[in-house]
Structure formats: structure tokens, C-alpha cells
Undergrad: 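Dropping a structure here in C-alpha cells format, bear with me for questions.
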Amino acid sequence: MAAVHYELIRQCPHTGARAGILHTPHGQVETPVYMPVGTQAVVKAMTSREMAEIGAQIVLANTYHLHLRPGEDLIEKAGGLHGFMAWDKPILTDSGGFQVFSLARLRKMTEEGVRFRNHLDGSELFIGPEEAMAIQQKLGADIIMAFDVCSPWPCEEKDAKRDMERTHRWAARCKKAHSRPDQALFGIVQGGFSKELRIESARTLRDMDFSGYGIGGLSVGEPKDIMYEMLDALMPEMPADKPRYLMGVGTPDCLLEGVARGVDMFDCVLATRIARNGTVLTGEGRLVVRNATYREDFRPLEEGCDCETCQHYTRAYIRHLLKAGEITGARLCSIHNLRYLARLMAGAREAILNDRFPAYLNDFYSRFDMRGAFNRSEETA
RNA sequence: GUGGGUGUAGUUCAGUGGUUAGAGCGCCAGAUUGUGGCUCUGGAAGUCGUGGGUUCAACUCCCAUCACCCACC
């Protein structure tokens with residue numbers, strides 16, 4: 001049996017939403033799931049014990065960043081990422097493909113791979129599909145990602161096609177270089193913002209038979225409507241017996257819209273990033289606890305939340321910590337946001353299992369104030 | 001008491017005759033979607049201690065005065 005396999009438990013009769021279990025060498029993951037991002041082998045400001053308490057089932061780490069520092073050889077000596085991080089639940093490593101995209105000014109890309117001038121000391125390094133696989137196999141995550149080419153928004157169709165085709169060739173090279181049987185390799189769908197390309201990419205990768213499929217190149221600046229259109233087009237082409245992972249999403253509404261279209265896994269830095277800058281997520285919308293209006297607000301961040309932060313601390317106190325630049329302010333907000341997303345996804349799963357996912361989605365929108373928050377579609381519309 | 005110094009945004013300071021007096025920090029707000037982010041962007045905020053005077057023109061020069069600081073009696 002493969003290192004990772006997906007077990008479909010229940011399909012929503014009205015939407016594409018599905019509840020399942022991802023079986024991995026380090027235990028099960030109940031899907032749909034939000035995966036906190038721990039780029040540098042840590043979810044910023046959090047310990048692995050706290051992550052477990054928050055209810056995180058699986059965390060991410062990043063190939064590019066860990067290759068630079070401290071290096072995969074050291075992590076391998078430490079017993080792989082699980083030993084190094086003291087986290088015995090599942091881990092997924094991103095391949096570094098996105099860093100090629102986000103650090104584009106520093107790159108030189110050829111068919112072989114990508115030459116970077118790294119951001120730490122400026123020295124040159126090269127990562128191609130084989131290097132990305134070799135690094136990830138030493139890091140030892142349960143799930144590793146193919147090295148892909150992420151097209152930007154906006155993007156000419158011919159450029160998106162070129163990136164997609166290279167992604168497919170690189171996916172084949174990744175598959176060939178992948179040798180550890182206890183790690184699952186996921187391919188990544190690209191295709192820019194063309195439905196035809198997205199469908200072609202999904203079919204091509206499906207035929208290559210990966211253990212799961214990432215959907216890359218979305219949430220890179222495009223309006224939400226366009227992201228949803230792409231998902232609507234490509235999701236029917238995704239194999240039902242494999243997990244589907246929408247990379248880099250996101251906001252609470254995008255997560256649920258993704259679930260509704262059959263996505264099983266998500267990751268996003270948003271929750272922890274905005275937490276460090278004083279914004280938290282609640283069922284009623286965003287709350288910028290850093291703002292002066294909460295100076296004397298002695299309520300918890302969110303009434304009824306079961307997170308450690310909301311159990312013990314007030315908005316006024318957290319605001320004070322944030323304003324004073326105290327690290328604990330960022331920690332308390334991160335704990336809350338991670339717990340919020342864990343609850344959101346657990347609630348979605350529960351709703352799917354009970355055949356009431358559409359009502360769950362409606363209830364979310366009726367409570368969550370979308371005004372001015374994460375509303376990217378308004379900018380371009 | 002004598003001599004000297006300093007008074008400019010909430011704060012620390014820049015600005016020595018010429019557009020609408022600036023900066024850092026603070027304050028207020030916005031941004032943040034496979035993390036180069038305790039980051040980035042924007043905004044509000046000053047009767048230039050006070051009162052006179054010189055000058056076409058004064059934060060800037062002169063006089064007085066008040067406050068604070070230093071030194072010496």
C-alpha cells in the first residue's frame with residue numbers, strides 16, 4: 001500500500017464537499033483540513049505541543065527555506081523533520097516551487113531548474129526537480145510536493161501554457177527521482193487562469209498517477225470569482241480516490257468554498273501572519289484587536305471560543321501586548337486564529353457527515369461580515 | 001544672587017532672515033492567501049515658551065519676561 005492513501009467517508013449530496021480520512025505513516029488526518037504553515041520547521045510563535053492542543057493534525061514545512069538553513073543533512077541527522085521539530089503527527093513539505101515564483105527577481109529559470117541568489121547571504125544555489133526531491137527525502141515529511149512552475153496573475157495564456165507544460169515535465173522527473181516508499185508524492189496542477197489548461201493539467205497529472213494532487217497557482221492575486229471558476233472547471237477532472245490540496249488558501253470563506261468544490265486540504269500563512277499583526281478571525285468576521293476601540297474591552301477575542309487565549313485573556317490585554325511589541329501578543333492571536341480555522345474545518349466535516357453542509361455554508365455567510373475583509377474581487381471587478 | 005545654556009508635533013530633536021516649519025519614535029488607520037513580513041502603506045498632529053521690537057519678510061536678529069538645566073557664589 002502507498003505511504004498515504006485517502007479514504008472517502010461521505011460525499012455531500014448537494015455540493016462537491018466530501019469528508020474523508022488521509023492515512024499516513026504518522027497517523028490519520030480527518031479531512032477537509034486546514035494545515036498550518038511552519039516554513040522554518042516551526043509554526044511561527046508556536047510550539048509543537050501547543051499545535052497539538054490547538055487541534056492541528058498536520059503541518060507544513062518548506063524545502064527552500066530549510067535547505068538554506070539549517071540544511072537537510074542536519075535535519076536528517078536529527079531524525080528527520082518529525083524528530084527535529086518534536087512533532088509526531090503528519091508533515092507536508094512544499095517543494096520550493098512557490099519560492100521560485102515569490103522570489104522571482106532572484107531567479108534564472110531553465111528547463112533544468114532554477115538558479116537562485118539566496119536571500120540569506122546572497123550566494124547562488126540551484127534547485128531543480130531532482131534536487132527538490134533529494135532535499136525533501138532527507139527532510140522526511142509524510143507528503144512531499146513536486147517541484148512546479150507557478151504562473152502569475154495576470155498571465156498570458158501562452159505563458160501559462162509554457163509554465164504548465166514545464167510543470168508536467170518536471171512532475172515526471174520528480175516521480176522518477178522519488179524513491180522513499182514511506183513518503184507520498186503529490187503532483188501539482190497549474191494552467192494559469194484558463195479553464196482549458198486547468199482541465200488539461202488535471203488530466204495529464206491524473207494519468208501520471210500521483211498519491212495526491214495539489215492545485216497550485218491560485219490565490220496569487222486574482223479575484224475570488226476567478227479562482228472559483230477555475231476550481232469549478234478542474235475539480236471534476238480530479239480522481240475521486242486521491243486527496244486534493246488547494247495550495248495557499250486561505251481566508252475562511254475561500255476555505256469553505258473550496259470544500260464545497262471537493263477540496264480536502266488547504267494551507268495558508270494568512271491566519272498566523274495577520275495574527276502577528278494584530279488581526280484575529282471570529283465567526284462574525286475579522287477583528288483588528290490592535291485598534292484603539294478595544295483599549296478597554298475586557299471580553300475575550302471571541303465569545304464561546306474554546307482556545308487557550310479566549311479561555312484566559314481579554315481584548316484589552318492582548319491589544320496592550322501587541323502595542324507594546326510583546327511576543328506573547330502575537331502568540332495569543334496565533335493560538336486563536338489557528339484554533340478558529342481548526343474549528344471551522346471540523347465543523348464543515350461534521351456538517352458533511354450529517355448531510356447538512358449547505359446549511360453550514362449558509363450559516364457561515366450569515367454571520368461572517370465580509371465587508372472590507374479579504375474581498376479581493378472588489379478590487380478588480 | 002552671578003554667569004552660561006535650552007525652550008519647535010505627544011516625545012526626542014532638525015531647521016540661523018525668504019513657498020504651505022520637517023524627521024525618528026509614539027499615536028490613529030489600512031494591507032496581509034503553497035511566509036525574505038514584531039513587516040509594509042497611509043493619516044492626524046505644532047498660536048515655533050510668552051510679550052514687545054527691528055525688517056518688505058522673523059522659528060531664525062534685538063529687548064524683556066517665564067520655565068527648566070549647568071556652573072560659580
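Chain letters run A, B, ... following the sequence lines, proteins first, then strands; residues in each count from 1. Keep in mind the model is a prediction, meaning the values are calculated, not measured.
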Undergrad: Under 4.0 Å, heavy atoms only, any strand: does A:Lys323 hit a base, just the sugar-phosphate, or nothing?
TA: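 Sugar-phosphate, backbone atoms only, no base.
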Undergrad: Could you say whether A:Leu218 or A:Ala292 is positioned toward the 5' end of RNA chain B, judged by the nucleotide with the nearest heavy atom to each?
TA: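 The residue closer to the strand's 5' end, by nearest nucleotide, is A:Ala292.
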Undergrad: Taking the nucleotide of RNA chain B with the closest heavy atom to each, which residue, A:Thr293 or A:Gly325, is nearer the 5' end?
TA: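 It is A:Thr293, whose closest nucleotide lies nearer the 5' terminus.
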Undergrad: With a non-hydrogen cut-off below 4.0 angstrom, is A:Ala330 in contact with a base, only sugar-phosphate, or nothing?
TA: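 Since no nucleic acid heavy atom lies under 4.0 Å of A:Ala330, the category is nothing.
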Undergrad: Mind checking A:Ile327 for me? I need base, sugar-phosphate or nothing, with any heavy atom below 4.0 Å counting as a touch.
TA: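 The answer is nothing, as A:Ile327 stays clear of every strand by at least 4.0 Å.
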Undergrad: One thing to verify: whether A:Lys195 and A:Asp232 come together as a salt bridge, which I'm taking to mean a side-chain N less than 4.0 angstrom from a carboxylate O.
TA: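 Between A:Lys195 and A:Asp232 there is no salt bridge, as every charged N stays at least 4.0 Å from the carboxylate O atoms.
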Undergrad: If you only use heavy atoms from C-beta on, which nucleotide in B:rG37, B:rG34, B:rG36 is closest to the side chain of A:Arg273?
TA: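 Given the options B:rG37, B:rG34, B:rG36, the side chain of A:Arg273 is closest to B:rG37.
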Undergrad: Would the base of B:rG37 count as contacting A:Asn277 through its side chain, where contact means a donor and an acceptor less than 3.5 Å apart?
TA: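 No such pair is found, so the answer is no.
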Undergrad: Which one is paired to B:rG7, where only Watson-Crick or G-U wobble pairs with both distances under 3.5 angstrom count?
TA: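 By the stated definition (distances under 3.5 Å), B:rC66 pairs with B:rG7.
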Undergrad: Please confirm whether the shortest side-chain N or O distance from A:His65 to OP1 or OP2 of B:rU35 is below 4.0 Å.
TA: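 Negative; the distance criterion is not met.
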Undergrad: Have a look at A:Asp267 and say if it touches a base, only the backbone sugar-phosphate, or nothing, with a 4.0 Å heavy-atom cut-off.
TA: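 Result for A:Asp267 = sugar-phosphate.
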Undergrad: For the residue pair A:Tyr64 and A:Phe116, is the inter-centroid distance of their aromatic rings smaller than 6.0 Å?
TA: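 Yes: the rings meet the under 6.0 Å criterion.
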Undergrad: Write down the distance between CG (A:Leu322) and P (B:rC27), rounded to a whole number of angstrom.
TA: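 After rounding, the gap between these two atoms is 11 Å.
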